[in-house]
Amino acid sequence: MAPKDDKGTGLPHVPTSAAELKEELKAEAQAAKSSLASQARSLVAGGFGGVCAVVVGHPFDLVKVRLQTAERGVYSSAIDVVRQSIARDGLRRGLYAGVSAPLVGVTPMFAVSFWGYDLGKQLVTATSAPSSPDGTLSIAQISTAGAFSAFPQTLITAPFERVKVILQTQSQTLKPGEKPRYSGGVDVVRQLYRAGGVASVFRGSAATLARDAPGSAAYFAAYEYIKRKLTPVDPVTGKPQGQLSLTAVTVAGGAAGIAMWIPVFPVDTIKSRLQTAEGNPTIGGVVRGLWAKGGYKAFFPGFGPALARAVPANAATFLGVEMAHQAMNKVLG
């Protein structure tokens with residue numbers, strides 16, 4: 001809570017009595033309590049939204065990663081990835097290979113993302129005045145808060161995506177009857193740590209942040225912009241009124257997913273290659289290798305499946321988040 005301005009002088013207000021000091025301290029304590037409660041609810045809602053995203057979006061993500069990491073000619077299309085994966089591993093394992101890592105990691109990952117976004121909005125509010133008299137942040141301020149959310153999120157996202165993409169791709173090079181190198185997510189972490197320590201587990205963190213900072217900025221800004229456009233307004237005052245329908249939340253969430261992926265997909269391809277490569281690859285080496293193999297097109301394999309996943313997965317995410325908030329508001333007030 002910012003200190004009060006003393007009669008427009010720009011100087012902090014100084015209480016003139018014990019009663020006034022007590023009231024100000026009480027107001028600041030209440031504001032701090034409200035802020036912590038808001039962040040806690042964002043953690044819970046974000047985690048629930050993340051679980052919804054994995055259940056809906058993992059098969060699409062698996063197809064994307066396999067197209068990004070496979071050698072040229074292994075797959076002819078996204079449908080071919082699905083066909084070969086099911087023929088090799090069956091329906092459940094074929095489409096949900098590597099799902100253990102995101103299911104375990106997605107709750108804290110999305111929870112931290114939405115907590116970071118909530119905290120980012122509070123920081124933006126504290127450092128710059130809201131664009132509206134009612135305290136509504138501008139889309140640029142929302143975008144800034146979204147970019148901020150990527151910093152704490154990367155600490156969880158990078159290692160879990162490292163594990164996920166390894167599990168998703170290890171069966172691509174197996175011969176019939178050959179046993180996979182890794183038995184599950186814990187085994188991946190154990191072997192990576194044994195081979196290269198913490199640095200190996202967190203490989204691709206810089207690329208993850210380079211993807212998620214601008215991606216999250218576009219993600220939250222697009223969602224908030226579309227949500228505002230779809231929110232009913234009072235014909236007299238022009239102010240929002242009533243609750244946004246779940247259909248509108250779904251539309252805004254799906255659009256937000258597309259807005260996130262379009263500008264950062266090449267970075268995601270680099271990250272996937274970096275996290276699945278053997279040895280000690282560098283970002284520069286991965287970029288040069290991709291360009292040598294196919295020019296700019298080499299940075300966009302799996303682009304179609306990524307966009308196809310973005311709509312249902314992110315619609316499910318925001319639907320889960322909004323429903324969780326509504327449930328907590330009913331139960332906790």
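Between K271 atom NZ and R203 atom CZ the span is 11.5 Å, to the nearest 0.5 Å. From W291, atom CH2 reaches atom OH of Y296 across 9.0 Å, with rounding to the nearest 0.5 Å. The structure places CG of L119 at 10.0 Å from OG of S149, a figure rounded to the nearest 0.5 Å. Annotation: the span from T154 atom OG1 to E161 atom CD amounts to 9.5 Å, rounded to 0.5 Å. Taken to the nearest 0.5 Å, the CD atom of Q122 stands 8.0 Å off from the OG atom of S42. Taken to the nearest 0.5 Å, the CZ atom of R162 stands 11.0 Å off from the CG atom of L167.
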Given Y219 and N314, is the side chain to side chain contact (heavy atoms under 4.5 Å, CB included) satisfied, shown in steps? CA-CA 10 Å; Y219 185 60; N314 290 287; 2.9 Å; yes

Evaluate the side chain to side chain contact (heavy atoms under 4.5 Å, CB included) criterion for residues Q68 and V165: first the C-alpha distance (whole Å), next the side-chain angles of each, then the deciding distance (0.1 Å), finally the verdict. CA-CA 10 Å; Q68 286 178 324; V165 296; over 6 Å; no

CA sep, side-chain torsions, deciding dist, call: F303, T269, side chain to side chain contact (heavy atoms under 4.5 Å, CB included): CA-CA 9 Å; F303 187 57; T269 299; over 6 Å; no

Please determine whether side chain to side chain contact (heavy atoms under 4.5 Å, CB included) holds for the pair I283 and R288, giving the CA-CA distance in whole Å, both sets of side-chain angles, and the decisive distance to 0.1 Å. CA-CA 9 Å; I283 293 178; R288 288 191 294 272; over 6 Å; no

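Residues that satisfy the salt bridge (charged side-chain N to carboxylate O under 4.0 Å, His left out) test with E178, not counting sequence neighbours, are absent from this structure. Take D89 and apply the salt bridge (charged side-chain N to carboxylate O under 4.0 Å, His left out) test, not counting sequence neighbours, and it matches no residue.
Q191 contributes a side-chain N or O that, together with a main-chain N or O of R181, makes up a donor-acceptor pair within less than 3.5 Å. Looking at Y96, its side chain never comes within 3.5 Å of a backbone N or O of L62 through a donor-acceptor pair. The backbone N or O of H325 lies less than 3.5 Å from a partner atom in the side chain of N329, making a donor-acceptor pair. The main-chain N or O of A53 is never found under 3.5 Å from a side-chain atom of H58 such that the two would form a donor-acceptor pair. Side-chain atoms of S216 never come within 3.5 Å of backbone atoms of A213 as a donor-acceptor pair (strictly under, hydrogens ignored).
The two atoms that bring P281 and A277 nearest to each other are CG-CB, 3.7 Å, heavy atoms only. The shortest non-hydrogen separation linking L123 to F148 is CD1-CZ, 3.7 Å. Of all the heavy atoms in G120 and A145, the pair that sits closest is C-CB, 3.6 Å. For the residue pair S77 and L67, the shortest heavy atom distance occurs at O-CD2, 4.2 Å. Here the shortest heavy-atom pairing between I166 and T276 reads N-CG2, 4.3 Å. Looking at every heavy atom in both residues, A218 comes nearest to A259 through CB-O, 3.6 Å.
Salt-bridge annotation for K64 and D268: present, with a side-chain N of the basic residue lying under 4.0 Å from a carboxylate O of the acidic one. For the pair K229 and E224, the salt-bridge criterion is not met [side-chain N within less than 4.0 Å of a carboxylate O]. A salt bridge does not link D118 with R41: every distance from a Lys NZ or Arg NE/NH1/NH2 to an Asp or Glu carboxylate oxygen is 4.0 Å or more.
Looking only at side-chain heavy atoms (C-beta outward), R309 and W261 come within less than 4.5 Å of each other. K164 has its side chain out of reach of V99: every pair of non-hydrogen atoms, C-beta onward, lies at least 4.5 Å apart. Within the 4.5 Å cutoff, side-chain heavy atoms of R228 are placed close to those of I142. Contact annotation: the side chain of L290 never approaches that of K293 to less than 4.5 Å [non-hydrogen atoms, C-beta and beyond]. Side-chain contact between Y75 and P301 is absent, with no heavy-atom pair separated by less than 4.5 Å. Inter-residue side-chain proximity for V74 and R66 is flagged as unmet; no heavy-atom pair is nearer than 4.5 Å. With contacts defined as side-chain heavy-atom distances shorter than 4.5 Å, the pair Q275/V163 does not qualify. Using a 4.5 Å cut-off on side-chain heavy atoms (C-beta onward), V311 and L307 make no contact.
The hydrophobic side chain of I79 is isolated, with no ILVMFWY side chain under 4.5 Å apart from it.
The aromatic rings of F114 and F220 lie perpendicular to each other, with more than 60° between the two planes, well past the 30° mark.
Checked against a 6.0 Å centroid threshold, the rings of Y223 and F318 count as neighbours.
Residue F48 places its CZ atom among 12 or fewer non-hydrogen atoms of other residues, nucleotides or ligands, all under 6.0 Å distant. Heavy-atom contacts from other residues, nucleotides or ligands closer than 6.0 Å to OH of Y182 number more than 12. Residue R88 qualifies as enclosed at atom CZ: its count of foreign heavy atoms under 6.0 Å is above 12.
Cluster annotation: F110 is connected to M260 through the hydrophobic network of ILVMFWY side chains, with a link wherever side-chain heavy atoms come within less than 4.5 Å. Neither L209 nor V201 shares a network with the other; the hydrophobic side chains, linked directly or stepwise wherever heavy atoms of I, L, V, M, F, W or Y lie under 4.5 Å apart, form separate groups for each. Under the 4.5 Å side-chain heavy-atom criterion for Ile, Leu, Val, Met, Phe, Trp and Tyr, F151 and V264 are members of distinct hydrophobic clusters. The hydrophobic cluster containing V51 also contains M109, counting ILVMFWY residues as joined when their side-chain heavy atoms lie under 4.5 angstrom apart, directly or transitively. Clustering ILVMFWY residues whenever any of their side-chain heavy atoms sit less than 4.5 angstrom apart, transitively, puts M323 in the very cluster that holds W115.
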